[in-house]
Each structure stands twice: as C-alpha cells, then as structure tokens.
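Below, all heavy atoms of this structure are taken into account, side chains as well, without hydrogens, waters or symmetry copies.
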Amino acid sequence: MPSLDEVKNRIEKLRSEINQHNYRYYVLDSPEISDGAFDSLMRELKSLEEQYPQFLTPDSPTQRVGAAPVEAFGVVAHRQPLLSLGNVFSHDELMAWYTRTARLIGDTPLDFVGEHKIDGLAVALTYVDGRFNTGATRGDGYRGENITQNLRTIRSIPLTVTGGAPPSFEVRGEVYLSRKGFHRLNQERAAEGLPLFANPRNAAAGSVRQLDPRITAQRPLDIYIYMLGWADGKATPSTHWETMEWLKSLGFKVNPNNRRLKDIADIERYYQEWEEKRKGLTYEADGIVAKINQLNLHEELGDIGHEPRWAIAYKFPADQATTVLKSIEISVGRTGSLNPYAVLEPVSVGGVTIRQAALHNEDDIRRKDIREGDTVIIQRAGEVIPEVIGPTPASRERKDRKREFRLLDKLPRDDERQPVCPVCGGRVFRPEGEVMYYCANAACPAQVQRLIEHFASRGAMDIRGIGESMAATLLRVIVVKDGDGYRPVRNVSDIYFIDKDKLAGLERMGEKSAANIVKAISGSKVRPLARIIYALGIRHVGEEMAQNLAGEFPSLEELAAASPERLMSIGAIGPKIAESIVDFFRHQENLEIIRRLKEAGVRPEEKAEKGAELPLSGREFVITGRLETMSRQAAEDRIKNLGGAARDNVTRRTDYVVVGADPGSKLARARELGISTIDEKELVRLLEGKT
Ligand code: IVH
C-alpha cells in the first residue's frame with residue numbers, strides 16, 4: 001500500500017502531465033502522445049481520485065466532464081464593464097474612425113493589432129492564485145451570468161495557470177464552435193430528432209448557457225482569448241500585442257492569425273486578405289477587429305456609449321442571396337403594430353436556410369419598390385434578422401409585375417368593407433405622422449401574447465418559464481380564477497392569478513414545471529419601479545425612459561396622474577412620448593390592470609433593498625462637466641460597481657450631482673430641485689469609501 005503522501009504526489013504529477021498534454025492538444029494543436037497513452041493517464045488519475053476522494057479538487061482535469069446541474073445561474077458583477085465594438089463597413093468609414101481617433105490623441109504615432117472577429121459568445125474569466133475562479137457571460141455589460149461550471153468543460157480554457165501570473169486577473173475572449181463542430185452537433189441533433197441550431201453562434205451560446213454542464217461538456221466548444229480585462233498585484237505589458245504574447249505564455253489560447261499592423265493601409269490589407277480567405281477558416285469570422293496597440297492610449301481615449309474608441313470592427317460584406325418573394329404577410333406586434341414580413345422561397349444564405357425576412361413598413365417597401373412575386377436580394381448579417389434589400393434589376397423590368405404594395409389590401413375586411421386586424425378583426429388606424437398601422441383593440445390576442453412575453457422578459461419582470469410558447473398557451477387554457485369559475489389569461493395582471501393545480505393539469509406540464517412557473521411568478525412581484533414601468537409596455541417607453549420616469553415619480557399612481565406638461569418638464573421627454581404615456585393611463589383597461597397587479601402584491605422594490613451590502617447601494621449620481629482624474633465612463637463604472645446608479649438626467653430621485661469643469665444645464669436643474677452637488681474630490685472620497 002502506498003502512503004497517503006505518495007498517493008497525493010502521484011495525483012499531482014498525473015494532473016500536471018495531463019494538463020500539459022491537454023495544453024499541447026487543445027491550445028497548441030500539437031499533441032506529443034497518442035490518444036491511447038493520454039487515456040491511460042486519465043484512467044489512472046480517475047481511479048486514484050475515486051479511491052482517495054479527499055484529494056479530489058474542482059480544478060482536476062477529470063472534472064472537465066461537468067459537475068451536476070446548477071439550479072440557475074448566479075450573477076457576476078463585472079469589475080470593468082464588457083463593452084461592444086463600433087462597426088465600419090468600408091475603407092472610407094475606417095478612415096473616418098482613424099481620423100476621429102487620431103485627432104483626439106494628437107501627435108503620438110499609432111500602431112495596431114489586427115484580429116479576427118469571431119461570432120461566438122463573449123466571456124470573462126477570472127483567475128485567483130493561479131486557478132480558474134469564475135467565468136461569466138457578458139450579460140448587460142455590467143453583470144453577467146455565472147457559467148463557471150460550464151466553461152470548466154472547455155479544454156482550451158486552462159484550469160490552472162503557470163507561475164508568473166498575477167495573483168488575480170481577468171481575461172476576456174470568445175467562446176465559439178468551429179464549423180465542423182457545428183455541423184457535427186447538428187447532425188447528431190437531426191439523428192435524435194431534435195431541433196437544429198440556426199448558426200454556430202446560437203449553438204455556442206446555447207451550449208454554454210446549459211443548466212447541465214454535462215451537456216456543455218459534450219459540445220465541441222473552443223475559445224480564443226482576445227484581451228486582458230484587469231490584473232492586480234503585478235505589472236503587465238504596455239502594449240496589446242505583448243499582452244497577448246504574455247497570455248499565450250501563461251497557457252491561454254490566442255488566435256495565431258492575429259497580426260501587428262503599422263498603419264491604416266496595413267489594416268486594409270489584413271482585411272482584404274481575410275475577406276478572401278475567410279471561407280477556408282475552421283471558424284466563422286464576420287469581420288476583423290483593429291485595435292490600437294498602445295494600452296496607455298486606451299485609457300486616454302476611453303469609451304463612447306458602450307464602445308471603446310481604441311478599437312473598431314471592420315465587417316465583411318454580409319452574405320447575400322436572391323430568391324422569390326412568395327408573399328408579404330402581416331403580423332401583429334406588442335403595441336398592436338401591423339408588421340409586414342416577407343415569405344420567401346427557402347434559400348440558403350451563408351449556410352443558413354432563410355424562409356422569412358423583415359420588411360419594415362409600407363413606406364419602406366414602396367421606397368425599395370418591393371412587390372410580391374419579385375425575385376429579391378436578401379441579406380443576412382451575422383445574427384440579425386435577414387432583410388430584403390430590394391428586387392433584382394431584371395425583376396424590376398418585368399411587365400407582369402404585381403402592383404405596388406399596399407398594407408391595407410392585405411387585411412381582411414369587415415361587413416362595411418373596412419380593413420381590420422388580421423388576428424382579432426378589430427379596427428386599424430395609422431397615427432398622424434407615423435409609418436406604422438396599428439390594431440386599435442388592446443385585447444387583441446396577438447397583442448396580449450406579445451405583451452405577456454414582454455412583461456415576463458428579462459429586462460422587465462423577469463419571470464422564467466414564460467416565453468413565447470407559454471404566453472400563447474396561457475391565452476388558450478383555462479387557468480385564471482375568476483369568481484367561481486376559471487378562464488384563460490386576458491392581460492398581464494392575470495398572470496398573478498394563475499391557479500397552480502389548473503396549470504399542473506395541462507397537457508405536457510406536470511406538477512414540477514407548474515410549481516416552478518408559479519414560484520417564478522410569485523418571485524417576480526417585487527421589482528424596481530423602473531422595471532415595472534417598462535414591463536407595462538407603454539409605447540415609446542423603453543428601459544432607459546422607464547429609468548427616467550422612475551427617477552421622477554415615486555410611484556405608478558403618481559406617474560399615472562402626471563399631465564403632459566409635467567412629463568415634458570423632464571429632460572428626455574418630448575410631446576410624442578408624453579402623449580403616449582398620458583394616453584396609456586387614460587385607458588380604463590390599463591388602470592384596471594394596474595389595480596389588479598397591486599391587488600396581487602406587485603410593488604416597487606424599496607430603494608434600500610437594492611443589494612444593501614454595497615457602499616453606494618440605492619444612491620443615484622449624475623455627472624455633469626469634465627472630470628480631471630478620470631473619464632466620466634470610469635467614474636460611472638466605479639459608481640455602479642459600488643452598487644450605485646449613474647444616470648443621464650437629474651430627477652427628484654438623484655442623490656448627488658457631481659460637478660466637473662464646464663458643467664452643463666444639469667447643474668441648474670440640480671439647484672432648481674435642491675439636490676446636493678459635490679465636486680470631484682468628494683466623489684473620489686465616496687468611491688474610496690470615506691463617507
Ligand atoms: S475586443 C472592448 N476582439 O465582438 C472591445 N471582441 O461587438 C470588445 N469579438 O462582445 C472586445 N472577436 O465578443 C474583441 N478579436 C476580438 C473579437 C471580439 C469577437 C466579439 C466580442 C464582443 C463583440 C463586440
């Protein structure tokens with residue numbers, strides 16, 4: 001019998017050898033030993049770990065197969081936000097980006113790194129004391145989902161990094177499926193009669209967001225690391241290129257097609273080269289990314305919106321194809337909008353079969369002169385919904401073309417020959433100055449279904465289990481208690497009156513799923529006011545606008561009572577939005593929905609409840625003017641990281657207006673409302689926790 005120490009040593013030796021072989025196989029693509037020899041090392045390790053479970057650790061290579069399912073993903077707050085990239089589509093646009101950027105920097109000569117833009121899923125990986133600690137999705141940029149268990153199954157993500165790594169750091173990269181992996185996966189799914197993934201991006205995202213890591217483990221996922229997020233406790237290189245070389249030396253997989261580029265002409269050449277060669281790549285790239293190499297300039301340039309100024313995506317031309325436009329049909333959206341869409345002769349574009357495409361509105365269809373029966377050019381760019389560009393020139397010339405498209409011709413007619421909604425037969429109208437037609441019936445099942453989907457969606461009330469098909473079901477089945485009887489869901493407030501037993505009795509439902517849905521529903525009753533406002537689906541009130549409104553009005557009742565003038569006194573609201581809000585609360589049905597939501601216990605979260613453990617929780621900041629020691633973006637990020645909120649507009653809810661150099665009208669607004677103003681020094685004190 002070996003001693004425990006001997007066993008421990010052998011286990012450690014095996015792990016380090018296996019890690020080394022994994023690295024050679026998955027990262028370097030150059031294995032040193034046969035698969036058989038590798039398997040026997042793994043078998044020995046597994047057997048030792050089974051006999052001596054006290055030595056089993058989560059970073060053991062045997063654990064890549066995936067741990068037991070997680071209940072749901074936790075949330076990871078990103079220390080620095082994960083940004084997206086600005087796009088350009090032509091040399092001229094690239095030049096415009098360069099000129100804008102160079103002007104901000106002055107005389108410093110720039111050099112660049114060119115990389116491929118892979119269409120996968122962005123992830124942030126943190127390492128603490130040499131071990132893979134947390135892996136997260138991008139989420140909204142500030143908070144992502146904790147998918148550590150799933151990422152552990154990706155062999156090209158090192159579970160441990162070699163000496164020389166900082167005590168803690170974060171790398172970012174793209175998880176993707178190779179074309180081959182994607183086709184293999186779809187073949188397997190076809191054989192099992194499962195629905196196919198539309199493209200590698202969806203397949204990768206779907207695989208990584210599996211609740212059961214054992215499923216993720218079976219998917220041939222890979223990763224390329226494309227930047228260092230942050231690092232503590234150790235100096236890191238001063239250029240992007242050197243950083244990537246250094247990350248490679250730590251064991252990370254970095255795309256070998258990355259290249260140093262000295263100027264714009266070089267960027268253009270790199271782009272042209274890969275535009276031509278991209279079909280031969282093992283993965284799908286939808287463009288190149290040009291990044292300024294000098295990292296000090298990244299700091300200096302900062303971000304605009306959610307995009308860094310120091311990098312740009314130069315996209316390859318979108319995939320196009322021609323096909324026959326069989327007909328133009330109408331669907332009904334959440335706000336009752338009648339949305340035309342194209343039904344196409346199925347055609348494959350960039351490997352994906354397209355059957356339908358978006359058409360925006362009647363005016364747009366006429367402007368592009370798109371008619372039923374035409375042969376049309378369609379375009380698919382990455383993951384966006386395919387679009388009809390227009391008829392082919394030959395098609396345009398044809399004598400026997402159908403007549404110009406009229407949306408009203410597509411609608412059924414009532415007894416008086418008036419056009420009506422294709423779903424509910426309700427009256428339709430087109431508001432002055434708008435391009436869309438709408439169904440006037442707020443109870444239209446199509447509208448209600450979309451509204452329920454919206455109400456339950458992530459940015460709104462976030463009710464897991466109520467998506468497109470569940471929403472459709474709820475409108476058909478008898479699940480809502482009403483007096484002595486039961487009826488289907490008629491509006492969003494009914495969701496909170498669904499009977500658990502009735503739900504469990506539905507075909508293909510069962511106790512467990514019903515219980516989960518009911519739990520999700522009751523768990524959604526307390527939400528920040530902004531989300532409740534957004535969830536109502538008021539026309540023109542998106543997430544940002546809902547935030548503004550929640551900042552100004554302490555309750556739904558007060559918002560409901562606001563006059564158009566009062567609404568327009570808020571910076572971001574013009575007459576159109578004010579009108580839409582007032583109109584919403586004028587409708588008796590909407591007031592009834594709000595009353596029933598309240599009756600069910602739906603209420604705004606108290607300010608202090610928002611993660612009370614963070615130092616700036618519940619406090620709202622607005623920054624005006626230029627800061628000296630940090631960019632505005634950096635200040636906002638730090639505020640958010642400490643649990644505070646950074647807003648664009650001063651409202652009654654604002655706690656502090658931070659006044660920098662040359663402040664704007666927000667300072668006047670703060671004085672008007674009597675809100676405290678602080679200077680940059682005081683802000684820094686708050687950020688450092690000295691309150
Ligand atoms: S840099 C702050 N480099 O593209 C810069 N991103 O629209 C953002 N992506 O979500 C990341 N390949 O997931 C960078 N070589 C590359 C990339 C890349 C793909 C993705 C990334 C991001 C999206 C930006």
Side-chain angles (χ1 to χ4, degrees), residues 1-71 74 76 123 125-136 146-171 210-223 225 231-234 246-254:
M1 277 285 278
S3 75
L4 279 184
D5 263 354
E6 279 164 347
V7 171
K8 190 159 180 256
N9 284 341
R10 179 66 190 151
I11 285 182
E12 274 165 12
K13 175 112 198 310
L14 280 167
R15 282 182 189 157
S16 128
E17 267 185 45
I18 290 170
N19 281 338
Q20 190 54 30
H21 291 307
N22 256 336
Y23 171 70
R24 295 205 61 95
Y25 187 92
Y26 289 104
V27 178
L28 300 182
D29 258 342
S30 76
E32 253 174 351
I33 59 169
S34 70
D35 288 0
F38 181 81
D39 287 345
S40 87
L41 292 175
M42 275 297 257
R43 262 200 310 276
E44 186 185 346
L45 177 60
K46 258 190 208 147
S47 128
L48 284 176
E49 286 176 345
E50 270 162 29
Q51 288 171 60
Y52 302 93
Q54 65 268 45
F55 297 136
L56 183 61
T57 58
D59 59 351
S60 169
T62 58
Q63 298 308 297
R64 298 236 193 221
V65 284
V70 283
E71 270 289 318
V76 175
V123 294
L125 315 174
T126 56
Y127 285 78
V128 178
D129 297 330
R131 283 166 193 239
F132 176 42
N133 187 63
T134 335
N146 186 334
I147 51 164
T148 314
Q149 293 305 342
N150 293 353
L151 293 178
R152 267 185 203 292
T153 69
I154 301 178
R155 306 293 203 281
S156 41
I157 294 181
L159 297 179
T160 55
V161 287
T162 42
S168 62
F169 65 100
E170 181 210 71
V171 293
Q210 278 291 332
L211 284 178
D212 188 344
R214 287 169 300 198
I215 297 179
T216 312
Q218 291 160 13
R219 306 271 168 93
L221 293 162
D222 209 334
I223 192 167
I225 298 300
D232 280 344
K234 192 165 193 250
W246 169 68
L247 289 177
K248 248 194 260 178
S249 76
L250 292 180
F252 291 101
K253 189 161 177 176
V254 174

Close side-chain approach of Leu56 to Thr62, heavy-atom, < 4.5 Å: yes
Heavy-atom pair with the smallest gap, counting every atom of Val171 and Phe252: CG2-CE2, 3.8 Å
Close side-chain approach of Phe132 and Leu151, heavy atoms under 4.5 Å: yes
Spatial distance of atom CZ (Arg152) from atom OG (Ser60) [nearest 0.5 Å]: 10.5 Å
Side-chain donor-acceptor pair present, Ser156, Asp222, cut-off under 3.5 Å: yes
Minimal non-hydrogen separation, Pro166 against Asp232, with atom names: CB-O, 3.4 Å
Test side chain to side chain donor-acceptor pair (under 3.5 Å) applied to Thr148 and Asn146, step by step: CA-CA 6 Å; Thr148 314; Asn146 186 334; 2.5 Å; yes
Gln20 side chain reached by Arg24 side chain, heavy atoms, under 4.5 Å: yes
Residue pair Leu4, Tyr52: steps toward the side-chain contact (heavy atoms from CB on, under 4.5 Å) verdict: CA-CA 9 Å; Leu4 279 184; Tyr52 302 93; 3.8 Å; yes
Sole candidate of Ile157, Thr216, Asn150 that passes side chain to side chain contact (heavy atoms under 4.5 Å, CB included) when paired with Leu221: Thr216
More than 12 heavy atoms from other groups under 6.0 Å of CZ on Arg131: no
For Arg15, the option from Thr160, Thr57, Asp59 that meets side chain to side chain donor-acceptor pair (under 3.5 Å): Thr57
Lys13/Glu17 ion pair, N-O < 4.0 Å: yes
Pair Phe169-Val161, side-chain contact (heavy atoms from CB on, under 4.5 Å): steps then yes or no: CA-CA 11 Å; Phe169 65 100; Val161 287; 4.2 Å; yes
Shortest non-hydrogen contact from Val128 toward Ser168: CG2-CB, 4.3 Å
Distance, nearest 0.5 Å, that separates CD1 of Ile11 from CD of Gln51: 9.0 Å
Evaluation steps, side-chain contact (heavy atoms from CB on, under 4.5 Å), between Leu125 and Thr134: CA-CA 6 Å; Leu125 315 174; Thr134 335; over 6 Å; no
